[in-house]
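Notes follow the structure.
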Protein chains: 2
Amino acid sequence: MQDALRSHIERKIPLTDEEFAATMPFFHVRKLKRRQFLLQQGEVCRYESFVVGGCLKSYHTDERGDDHILRFSVEDWWAGDLDSFLHHTPSTISIEALEPVTLLVIDQPGLEQLYREVPKMETFFRMLNENALIATSRRVIADLSLPARERYERFLTTYPQIAQRIPLKDIAAFLGITPVFLSRLRREQAGF
Amino acid sequence: MQDALRSHIERKIPLTDEEFAATMPFFHVRKLKRRQFLLQQGEVCRYESFVVGGCLKSYHTDERGDDHILRFSVEDWWAGDLDSFLHHTPSTISIEALEPVTLLVIDQPGLEQLYREVPKMETFFRMLNENALIATSRRVIADLSLPARERYERFLTTYPQIAQRIPLKDIAAFLGITPVFLSRLRREQAGF
DNA sequence: CATTTCGCTGAACCCAGGTTAAGAAATCCG
DNA sequence: CGGATTTCTTAACCTGGGTTCAGCGAAATG
(Lines give C-alpha, C1' and ligand atoms only; values in the text may rest on other atoms or scores of the structure.)
Protein backbone atom coordinates (compact mmCIF):
# COMPACT_ATOMS: atom_id res chain seq x y z
CA MET A 1 0.00 0.00 0.00
CA GLN A 2 2.85 2.32 0.81
CA ASP A 3 4.28 1.06 -2.45
CA ALA A 4 1.37 2.61 -4.29
CA LEU A 5 2.21 5.99 -2.78
CA ARG A 6 5.91 5.66 -3.35
CA SER A 7 5.67 4.75 -7.00
CA HIS A 8 3.09 7.51 -7.44
CA ILE A 9 5.54 10.07 -6.04
CA GLU A 10 8.47 8.65 -7.95
CA ARG A 11 6.62 9.06 -11.20
CA LYS A 12 7.33 12.75 -10.66
CA ILE A 13 10.43 12.84 -8.51
CA PRO A 14 12.83 10.12 -7.29
CA LEU A 15 13.18 9.63 -3.53
CA THR A 16 15.89 7.98 -1.48
CA ASP A 17 14.83 5.29 0.98
CA GLU A 18 15.48 7.75 3.81
CA GLU A 19 13.30 10.41 2.23
CA PHE A 20 10.47 7.98 1.76
CA ALA A 21 10.91 6.62 5.26
CA ALA A 22 10.71 10.18 6.58
CA THR A 23 7.60 10.84 4.51
CA MET A 24 5.50 7.81 5.31
CA PRO A 25 4.79 8.53 9.01
CA PHE A 26 2.94 11.71 8.06
CA PHE A 27 0.29 9.62 6.33
CA HIS A 28 -2.21 7.28 7.87
CA VAL A 29 -4.65 4.79 6.43
CA ARG A 30 -8.35 5.40 6.19
CA LYS A 31 -11.06 3.18 4.77
CA LEU A 32 -14.53 4.09 3.59
CA LYS A 33 -17.53 2.00 2.70
CA ARG A 34 -19.66 2.66 -0.34
CA ARG A 35 -21.74 5.87 0.17
CA GLN A 36 -19.66 6.97 3.11
CA PHE A 37 -18.46 10.59 3.13
CA LEU A 38 -14.84 11.65 3.22
CA LEU A 39 -16.03 15.24 3.51
CA GLN A 40 -19.40 16.93 3.77
CA GLN A 41 -20.11 20.33 2.30
CA GLY A 42 -19.87 22.89 5.11
CA GLU A 43 -17.25 20.99 7.14
CA VAL A 44 -13.61 22.00 7.19
CA CYS A 45 -11.49 19.66 5.08
CA ARG A 46 -8.81 18.33 7.42
CA TYR A 47 -7.02 15.92 5.06
CA GLU A 48 -5.55 15.60 1.64
CA SER A 49 -6.20 12.00 0.64
CA PHE A 50 -4.29 9.77 -1.72
CA VAL A 51 -6.51 7.09 -3.22
CA VAL A 52 -4.95 3.63 -2.93
CA GLY A 53 -8.05 1.86 -4.18
CA GLY A 54 -11.70 2.53 -4.98
CA CYS A 55 -13.45 5.54 -6.43
CA LEU A 56 -14.90 8.77 -5.02
CA LYS A 57 -16.88 11.70 -6.38
CA SER A 58 -16.34 15.33 -5.35
CA TYR A 59 -19.44 17.42 -5.86
CA HIS A 60 -21.05 20.71 -5.00
CA THR A 61 -24.71 20.88 -4.02
CA ASP A 62 -26.31 24.16 -5.12
CA GLU A 63 -29.11 26.14 -3.42
CA ARG A 64 -31.72 24.27 -5.41
CA GLY A 65 -30.34 20.98 -4.15
CA ASP A 66 -28.80 19.88 -7.44
CA ASP A 67 -25.43 18.13 -7.36
CA HIS A 68 -22.59 19.08 -9.69
CA ILE A 69 -19.65 16.73 -9.83
CA LEU A 70 -16.22 18.33 -10.10
CA ARG A 71 -14.12 15.21 -10.40
CA PHE A 72 -13.90 11.51 -9.82
CA SER A 73 -10.89 10.25 -7.87
CA VAL A 74 -9.73 6.70 -8.53
CA GLU A 75 -6.53 4.80 -7.70
CA ASP A 76 -3.46 7.02 -7.85
CA TRP A 77 -5.39 10.28 -7.64
CA TRP A 78 -6.01 12.65 -4.80
CA ALA A 79 -9.19 13.84 -3.16
CA GLY A 80 -9.80 16.88 -0.97
CA ASP A 81 -10.92 20.50 -1.00
CA LEU A 82 -7.73 22.53 -1.27
CA ASP A 83 -9.34 25.84 -0.35
CA SER A 84 -10.89 24.48 2.81
CA PHE A 85 -7.78 22.44 3.65
CA LEU A 86 -5.41 25.39 3.38
CA HIS A 87 -7.57 28.15 4.78
CA HIS A 88 -9.68 26.17 7.27
CA THR A 89 -12.86 27.50 5.72
CA PRO A 90 -16.08 25.51 5.35
CA SER A 91 -15.82 23.42 2.26
CA THR A 92 -18.09 24.00 -0.73
CA ILE A 93 -17.99 20.37 -1.77
CA SER A 94 -18.78 16.93 -0.49
CA ILE A 95 -16.64 13.88 -1.22
CA GLU A 96 -18.34 10.50 -1.20
CA ALA A 97 -17.20 6.95 -1.87
CA LEU A 98 -18.78 5.34 -4.92
CA GLU A 99 -17.06 2.06 -4.06
CA PRO A 100 -15.23 0.79 -0.97
CA VAL A 101 -12.19 3.04 -0.72
CA THR A 102 -8.71 2.87 0.81
CA LEU A 103 -6.90 6.15 1.41
CA LEU A 104 -3.62 7.48 2.73
CA VAL A 105 -4.39 10.81 4.36
CA ILE A 106 -2.25 13.68 5.63
CA ASP A 107 -3.38 16.71 7.63
CA GLN A 108 -2.31 20.28 7.09
CA PRO A 109 0.17 20.71 9.98
CA GLY A 110 1.62 17.38 8.89
CA LEU A 111 1.98 18.55 5.32
CA GLU A 112 3.76 21.74 6.36
CA GLN A 113 6.15 19.83 8.53
CA LEU A 114 6.70 17.35 5.73
CA TYR A 115 7.70 20.24 3.45
CA ARG A 116 10.30 21.27 6.02
CA GLU A 117 11.67 17.79 6.69
CA VAL A 118 11.61 16.53 3.12
CA PRO A 119 11.91 19.48 0.72
CA LYS A 120 11.47 17.20 -2.28
CA MET A 121 7.93 16.65 -1.12
CA GLU A 122 7.23 20.35 -1.52
CA THR A 123 8.48 20.01 -5.06
CA PHE A 124 6.24 16.99 -5.50
CA PHE A 125 3.14 18.84 -4.30
CA ARG A 126 4.06 21.85 -6.41
CA MET A 127 4.05 19.60 -9.47
CA LEU A 128 0.88 17.88 -8.36
CA ASN A 129 -0.95 21.18 -8.10
CA GLU A 130 0.47 22.35 -11.40
CA ASN A 131 -1.08 19.30 -13.03
CA ALA A 132 -4.35 19.78 -11.20
CA LEU A 133 -4.41 23.41 -12.32
CA ILE A 134 -3.81 22.39 -15.92
CA ALA A 135 -6.56 19.77 -15.79
CA THR A 136 -9.00 22.19 -14.18
CA SER A 137 -8.21 24.90 -16.73
CA ARG A 138 -8.82 22.44 -19.55
CA ARG A 139 -12.17 21.73 -18.03
CA VAL A 140 -13.09 25.41 -17.94
CA ILE A 141 -12.22 25.65 -21.64
CA ALA A 142 -14.31 22.59 -22.45
CA ASP A 143 -17.26 23.84 -20.41
CA LEU A 144 -17.17 27.17 -22.19
CA SER A 145 -16.60 26.00 -25.73
CA LEU A 146 -18.12 22.55 -26.19
CA PRO A 147 -21.78 21.52 -26.32
CA ALA A 148 -22.95 18.73 -24.03
CA ARG A 149 -22.60 15.92 -26.57
CA GLU A 150 -18.94 16.73 -27.24
CA ARG A 151 -18.18 17.08 -23.55
CA TYR A 152 -19.65 13.62 -23.16
CA GLU A 153 -17.59 12.16 -26.01
CA ARG A 154 -14.48 13.76 -24.63
CA PHE A 155 -15.23 12.35 -21.20
CA LEU A 156 -15.58 8.86 -22.67
CA THR A 157 -12.27 9.04 -24.50
CA THR A 158 -10.37 10.78 -21.70
CA TYR A 159 -11.55 8.51 -18.88
CA PRO A 160 -12.67 5.27 -20.49
CA GLN A 161 -11.84 3.26 -17.34
CA ILE A 162 -13.80 5.61 -15.11
CA ALA A 163 -16.77 5.81 -17.45
CA GLN A 164 -17.35 2.07 -17.02
CA ARG A 165 -17.42 2.14 -13.24
CA ILE A 166 -19.78 5.02 -12.77
CA PRO A 167 -23.56 5.32 -12.99
CA LEU A 168 -24.96 7.45 -15.80
CA LYS A 169 -26.56 9.93 -13.43
CA ASP A 170 -23.14 10.73 -11.97
CA ILE A 171 -21.68 11.24 -15.42
CA ALA A 172 -24.57 13.58 -16.14
CA ALA A 173 -23.87 15.49 -12.91
CA PHE A 174 -20.26 15.75 -14.01
CA LEU A 175 -21.13 17.03 -17.48
CA GLY A 176 -23.62 19.53 -16.12
CA ILE A 177 -26.68 18.03 -17.82
CA THR A 178 -29.63 15.95 -16.63
CA PRO A 179 -29.60 12.15 -16.71
CA VAL A 180 -32.63 12.32 -18.99
CA PHE A 181 -30.74 14.35 -21.54
CA LEU A 182 -27.62 12.18 -21.32
CA SER A 183 -29.80 9.17 -21.96
CA ARG A 184 -31.04 10.94 -25.09
CA LEU A 185 -27.48 11.65 -26.24
CA ARG A 186 -26.57 8.00 -25.84
CA ARG A 187 -29.52 6.84 -27.86
CA GLU A 188 -28.74 9.26 -30.70
CA GLN A 189 -25.11 8.19 -30.62
CA ALA A 190 -26.06 4.51 -30.77
CA GLY A 191 -27.94 5.32 -33.99
CA PHE A 192 -24.55 5.44 -35.71
CA MET B 1 8.78 48.32 -10.85
CA GLN B 2 10.83 45.68 -9.09
CA ASP B 3 9.11 46.98 -5.98
CA ALA B 4 5.80 45.82 -7.39
CA LEU B 5 7.15 42.30 -7.75
CA ARG B 6 8.83 42.28 -4.37
CA SER B 7 5.81 43.40 -2.43
CA HIS B 8 3.71 40.95 -4.44
CA ILE B 9 5.97 38.09 -3.36
CA GLU B 10 6.22 39.29 0.19
CA ARG B 11 2.48 39.26 0.52
CA LYS B 12 2.95 35.46 0.60
CA ILE B 13 6.45 34.97 1.91
CA PRO B 14 9.10 37.36 3.30
CA LEU B 15 12.42 37.60 1.45
CA THR B 16 15.80 38.86 2.57
CA ASP B 17 17.46 41.52 0.43
CA GLU B 18 19.89 38.87 -0.79
CA GLU B 19 17.12 36.51 -1.81
CA PHE B 20 15.35 39.23 -3.71
CA ALA B 21 18.60 40.36 -5.30
CA ALA B 22 19.21 36.78 -6.42
CA THR B 23 15.68 36.55 -7.80
CA MET B 24 15.44 39.73 -9.81
CA PRO B 25 17.99 38.90 -12.57
CA PHE B 26 15.83 35.98 -13.70
CA PHE B 27 13.12 38.43 -14.76
CA HIS B 28 13.20 40.92 -17.56
CA VAL B 29 10.90 43.72 -18.61
CA ARG B 30 8.53 43.51 -21.51
CA LYS B 31 6.03 46.06 -22.78
CA LEU B 32 2.99 45.57 -24.98
CA LYS B 33 0.76 48.03 -26.79
CA ARG B 34 -3.02 47.71 -26.80
CA ARG B 35 -4.11 44.72 -28.95
CA GLN B 36 -0.63 43.27 -29.02
CA PHE B 37 -0.29 39.56 -28.26
CA LEU B 38 1.75 38.14 -25.43
CA LEU B 39 0.94 34.66 -26.75
CA GLN B 40 -0.96 33.32 -29.74
CA GLN B 41 -2.90 30.08 -29.65
CA GLY B 42 -0.72 27.37 -31.21
CA GLU B 43 2.60 28.89 -30.14
CA VAL B 44 4.61 27.51 -27.25
CA CYS B 45 4.35 29.73 -24.18
CA ARG B 46 7.94 30.65 -23.28
CA TYR B 47 7.28 32.97 -20.32
CA GLU B 48 5.36 33.33 -17.13
CA SER B 49 4.55 37.02 -16.90
CA PHE B 50 3.93 39.17 -13.86
CA VAL B 51 1.74 42.14 -14.67
CA VAL B 52 3.20 45.40 -13.38
CA GLY B 53 0.60 47.55 -15.09
CA GLY B 54 -2.21 47.32 -17.64
CA CYS B 55 -4.67 44.55 -18.40
CA LEU B 56 -4.70 41.43 -20.57
CA LYS B 57 -7.23 38.79 -21.55
CA SER B 58 -6.46 35.07 -21.89
CA TYR B 59 -8.86 33.34 -24.25
CA HIS B 60 -9.42 30.19 -26.24
CA THR B 61 -10.73 30.36 -29.79
CA ASP B 62 -12.88 27.32 -30.64
CA GLU B 63 -13.29 25.56 -34.01
CA ARG B 64 -16.19 27.80 -34.90
CA GLY B 65 -14.04 30.86 -34.33
CA ASP B 66 -15.74 31.95 -31.10
CA ASP B 67 -13.58 33.32 -28.32
CA HIS B 68 -13.95 32.22 -24.70
CA ILE B 69 -12.13 34.26 -22.10
CA LEU B 70 -10.57 32.33 -19.25
CA ARG B 71 -9.28 35.23 -17.19
CA PHE B 72 -8.31 38.85 -17.13
CA SER B 73 -4.89 39.68 -15.72
CA VAL B 74 -4.38 43.13 -14.21
CA GLU B 75 -1.71 44.65 -11.97
CA ASP B 76 -0.30 42.14 -9.50
CA TRP B 77 -1.58 39.09 -11.37
CA TRP B 78 0.15 36.63 -13.64
CA ALA B 79 -0.45 35.70 -17.25
CA GLY B 80 0.67 32.64 -19.19
CA ASP B 81 -0.37 29.15 -20.25
CA LEU B 82 1.02 26.82 -17.62
CA ASP B 83 0.53 23.64 -19.63
CA SER B 84 2.37 24.99 -22.65
CA PHE B 85 5.02 26.66 -20.48
CA LEU B 86 5.86 23.49 -18.55
CA HIS B 87 5.50 20.90 -21.29
CA HIS B 88 6.52 22.97 -24.33
CA THR B 89 3.30 22.05 -26.10
CA PRO B 90 1.36 24.37 -28.41
CA SER B 91 -0.79 26.59 -26.31
CA THR B 92 -4.58 26.40 -26.46
CA ILE B 93 -5.01 30.05 -25.59
CA SER B 94 -4.06 33.49 -26.78
CA ILE B 95 -3.13 36.33 -24.45
CA GLU B 96 -3.73 39.85 -25.66
CA ALA B 97 -3.25 43.30 -24.16
CA LEU B 98 -6.48 45.21 -23.59
CA GLU B 99 -4.47 48.24 -22.52
CA PRO B 100 -0.78 49.17 -22.74
CA VAL B 101 0.93 46.62 -20.52
CA THR B 102 4.19 46.35 -18.55
CA LEU B 103 5.38 42.87 -17.60
CA LEU B 104 8.18 41.14 -15.75
CA VAL B 105 8.74 37.83 -17.52
CA ILE B 106 10.69 34.68 -16.64
CA ASP B 107 11.37 31.69 -18.88
CA GLN B 108 11.17 28.05 -17.89
CA PRO B 109 14.89 27.23 -17.54
CA GLY B 110 15.17 30.44 -15.55
CA LEU B 111 12.35 29.42 -13.27
CA GLU B 112 13.87 26.02 -12.60
CA GLN B 113 17.21 27.55 -11.78
CA LEU B 114 15.48 30.10 -9.58
CA TYR B 115 13.89 27.26 -7.61
CA ARG B 116 17.36 25.82 -7.01
CA GLU B 117 19.05 29.09 -6.11
CA VAL B 118 16.22 30.56 -4.04
CA PRO B 119 14.14 27.73 -2.56
CA LYS B 120 11.69 30.20 -1.06
CA MET B 121 10.67 31.04 -4.60
CA GLU B 122 9.57 27.47 -5.14
CA THR B 123 7.42 27.85 -2.06
CA PHE B 124 6.10 31.11 -3.48
CA PHE B 125 5.12 29.54 -6.79
CA ARG B 126 3.62 26.57 -4.99
CA MET B 127 1.35 28.94 -3.11
CA LEU B 128 0.62 30.93 -6.25
CA ASN B 129 -0.56 27.82 -8.06
CA GLU B 130 -2.54 26.69 -5.06
CA ASN B 131 -4.45 29.95 -5.24
CA ALA B 132 -4.87 29.71 -8.98
CA LEU B 133 -6.19 26.18 -8.58
CA ILE B 134 -8.67 27.32 -5.97
CA ALA B 135 -9.86 30.18 -8.17
CA THR B 136 -10.19 27.94 -11.21
CA SER B 137 -12.10 25.31 -9.23
CA ARG B 138 -14.49 27.99 -7.98
CA ARG B 139 -15.08 28.93 -11.56
CA VAL B 140 -15.91 25.36 -12.53
CA ILE B 141 -18.45 25.25 -9.71
CA ALA B 142 -19.98 28.54 -10.80
CA ASP B 143 -20.13 27.48 -14.45
CA LEU B 144 -21.88 24.28 -13.51
CA SER B 145 -24.31 25.58 -10.95
CA LEU B 146 -25.20 29.19 -11.74
CA PRO B 147 -27.28 30.59 -14.57
CA ALA B 148 -25.80 33.37 -16.71
CA ARG B 149 -27.36 36.25 -14.78
CA GLU B 150 -25.89 35.11 -11.49
CA ARG B 151 -22.50 34.47 -13.03
CA TYR B 152 -22.64 38.05 -14.25
CA GLU B 153 -23.64 39.43 -10.84
CA ARG B 154 -20.90 37.44 -9.18
CA PHE B 155 -18.38 38.72 -11.71
CA LEU B 156 -19.42 42.30 -10.94
CA THR B 157 -19.04 41.89 -7.20
CA THR B 158 -15.86 39.80 -7.36
CA TYR B 159 -13.99 42.02 -9.82
CA PRO B 160 -15.61 45.45 -9.60
CA GLN B 161 -12.40 47.19 -10.62
CA ILE B 162 -11.90 44.97 -13.65
CA ALA B 163 -15.52 45.19 -14.73
CA GLN B 164 -15.13 48.94 -15.24
CA ARG B 165 -12.10 48.71 -17.50
CA ILE B 166 -13.36 46.05 -19.83
CA PRO B 167 -15.71 46.16 -22.82
CA LEU B 168 -19.02 44.35 -22.45
CA LYS B 169 -18.29 41.95 -25.26
CA ASP B 170 -15.23 40.69 -23.37
CA ILE B 171 -17.26 40.23 -20.21
CA ALA B 172 -19.74 38.24 -22.27
CA ALA B 173 -16.92 36.10 -23.70
CA PHE B 174 -15.78 35.50 -20.12
CA LEU B 175 -19.23 34.52 -18.90
CA GLY B 176 -19.81 32.22 -21.86
CA ILE B 177 -22.78 34.13 -23.26
CA THR B 178 -23.29 36.44 -26.22
CA PRO B 179 -22.95 40.22 -25.94
CA VAL B 180 -26.55 40.46 -27.11
CA PHE B 181 -27.76 38.39 -24.20
CA LEU B 182 -25.57 40.22 -21.69
CA SER B 183 -27.01 43.47 -22.90
CA ARG B 184 -30.46 42.03 -22.22
CA LEU B 185 -29.44 41.00 -18.69
CA ARG B 186 -28.21 44.51 -17.99
CA ARG B 187 -31.42 46.10 -19.13
CA GLU B 188 -33.55 43.75 -17.02
CA GLN B 189 -31.32 44.41 -14.04
CA ALA B 190 -31.62 48.18 -14.47
CA GLY B 191 -35.41 47.71 -14.30
CA PHE B 192 -35.01 47.33 -10.54
C1' DC C 1 -38.40 -14.17 -2.67
C1' DA C 2 -41.45 -10.35 -2.21
C1' DT C 3 -41.22 -5.78 -2.26
C1' DT C 4 -39.74 -1.42 -2.28
C1' DT C 5 -36.49 1.54 -4.14
C1' DC C 6 -33.44 3.35 -7.63
C1' DG C 7 -31.60 4.09 -12.12
C1' DC C 8 -32.51 4.24 -17.08
C1' DT C 9 -35.43 5.33 -21.08
C1' DG C 10 -39.08 7.59 -23.88
C1' DA C 11 -42.17 11.14 -25.27
C1' DA C 12 -44.45 15.78 -24.89
C1' DC C 13 -43.84 20.16 -23.77
C1' DC C 14 -41.13 24.46 -22.05
C1' DC C 15 -37.57 28.13 -21.40
C1' DA C 16 -32.86 30.26 -21.09
C1' DG C 17 -29.98 31.78 -24.05
C1' DG C 18 -28.46 31.98 -29.14
C1' DT C 19 -28.94 34.05 -33.79
C1' DT C 20 -29.76 37.46 -37.06
C1' DA C 21 -30.44 41.95 -38.42
C1' DA C 22 -30.43 46.85 -38.06
C1' DG C 23 -29.98 51.25 -35.88
C1' DA C 24 -27.54 54.25 -32.25
C1' DA C 25 -23.36 55.39 -29.77
C1' DA C 26 -18.82 55.42 -29.03
C1' DT C 27 -14.09 55.13 -30.51
C1' DC C 28 -10.45 55.13 -33.50
C1' DC C 29 -7.45 57.48 -36.96
C1' DG C 30 -5.97 60.20 -41.01
C1' DC D 1 -12.68 67.59 -37.65
C1' DG D 2 -15.23 63.73 -40.37
C1' DG D 3 -15.50 59.14 -42.14
C1' DA D 4 -14.76 54.35 -40.87
C1' DT D 5 -14.85 50.87 -37.69
C1' DT D 6 -16.12 48.81 -33.63
C1' DT D 7 -19.32 48.35 -29.76
C1' DC D 8 -23.85 48.44 -27.62
C1' DT D 9 -28.75 47.94 -27.72
C1' DT D 10 -33.40 46.26 -29.26
C1' DA D 11 -36.45 43.21 -31.29
C1' DA D 12 -38.18 38.84 -33.59
C1' DC D 13 -37.51 34.37 -33.96
C1' DC D 14 -35.02 29.61 -33.09
C1' DT D 15 -32.90 25.56 -30.54
C1' DG D 16 -30.29 22.82 -27.03
C1' DG D 17 -31.19 21.14 -23.14
C1' DG D 18 -34.56 20.97 -18.97
C1' DT D 19 -38.84 19.24 -16.84
C1' DT D 20 -42.42 16.26 -16.00
C1' DC D 21 -44.54 12.04 -16.05
C1' DA D 22 -44.91 7.25 -16.99
C1' DG D 23 -43.11 2.49 -17.54
C1' DC D 24 -39.73 -0.93 -16.63
C1' DG D 25 -35.80 -3.61 -15.26
C1' DA D 26 -32.12 -4.21 -11.77
C1' DA D 27 -30.68 -3.84 -7.17
C1' DA D 28 -30.98 -3.19 -2.47
C1' DT D 29 -33.67 -4.41 1.83
C1' DG D 30 -36.78 -7.16 4.83
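Just so it is clear, the structure is predicted and the values come from calculations on it, not from any experiment. Naming convention: chains lettered A, B, ... in sequence-line order (proteins, then strands); numbering from 1 in each chain.
- In this structure, A/Phe181 atom CZ and C/dC15 atom P are separated by 18 Å, rounded to whole Å.
- Among the heavy atoms of the strands lying under 4.0 Å from A/Pro147 are primed sugar atoms or P, OP1, OP2 only; no base atom is included.
- Rounded to whole angstrom, the span from the CZ atom of A/Arg149 across to the P atom of D/dG17 amounts to 9 Å.
- The distance from atom CZ of A/Arg186 to atom P of C/dG10 is 11 Å, rounded to the nearest whole Å.
- Rounded to a whole Å, the CD atom of B/Glu99 is 12 Å from the P atom of C/dC28.
- Among the nucleotides D/dT19, D/dT7, C/dC8, the one closest to any side-chain atom of A/Leu168 is C/dC8.
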Requested in this report: Kindly determine whether B/Tyr47 and B/Trp78 satisfy ring-ring contact (aromatic ring centres under 6.0 Å, His included), including the steps that lead there.
Outcome: CA-CA 10 Å; B/Tyr47 305 100; B/Trp78 293 76; over 10 Å; no
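- One atom, CZ of B/Arg187, and another, C1' of C/dA24, lie 14 Å apart when rounded to the nearest Å.
- Closest-nucleotide positions on DNA chain C for A/Lys169 and B/Arg34 were compared, and the one nearer the 5' end corresponds to A/Lys169.
- Using a 4.0 Å heavy-atom cutoff across all strands shown, B/Arg64 reaches sugar-phosphate atoms only and no base atom.
- Among the nucleotides C/dG18, D/dG17, D/dT7, the one closest to the side chain of A/Ala148 is D/dG17.
- Shortest non-hydrogen contact noted between A/Tyr115 and A/Met121 is CE2-O, 3.8 Å.
- Considering only the side chain of B/Ser183, D/dT9 comes nearest among D/dA28, C/dG17, D/dT9.
- What separates CD of B/Glu188 from P of D/dT10 is a distance of 11 Å, to the nearest Å.
- Heavy atoms of B/Arg184 sit under 4.0 angstrom from at least one base atom.
- Look at A/Thr178 and you won't find any side-chain N or O under 4.0 angstrom from OP1 or OP2 of D/dG17.
- For A/Arg30 against A/Val105, the heavy-atom pair with the smallest separation is CB-CG1, 4.1 Å.
- Which of C/dT19, D/dG17, D/dT7 sits closest to the side chain of B/Val180 comes down to C/dT19.
- Between the CG atom of B/Leu182 and the C1' atom of D/dT9 there is a distance of 11 Å, rounded to whole Å.
- Nucleic acid contact class of A/Arg35 (heavy atoms, under 4.0 Å, all strands): none.
- Pairing each heavy atom of B/Glu43 with each of B/Ser84, the nearest pair is O-OG, 3.9 Å.
- Minimum interatomic distance between B/Leu70 and B/Arg139 (heavy atoms only, all atoms of both residues): O-NH1, 2.7 Å.
- Atom pair A/Ile166:CD1 and C/dG7:P shows a separation of 14 Å (rounding to whole Å applied).
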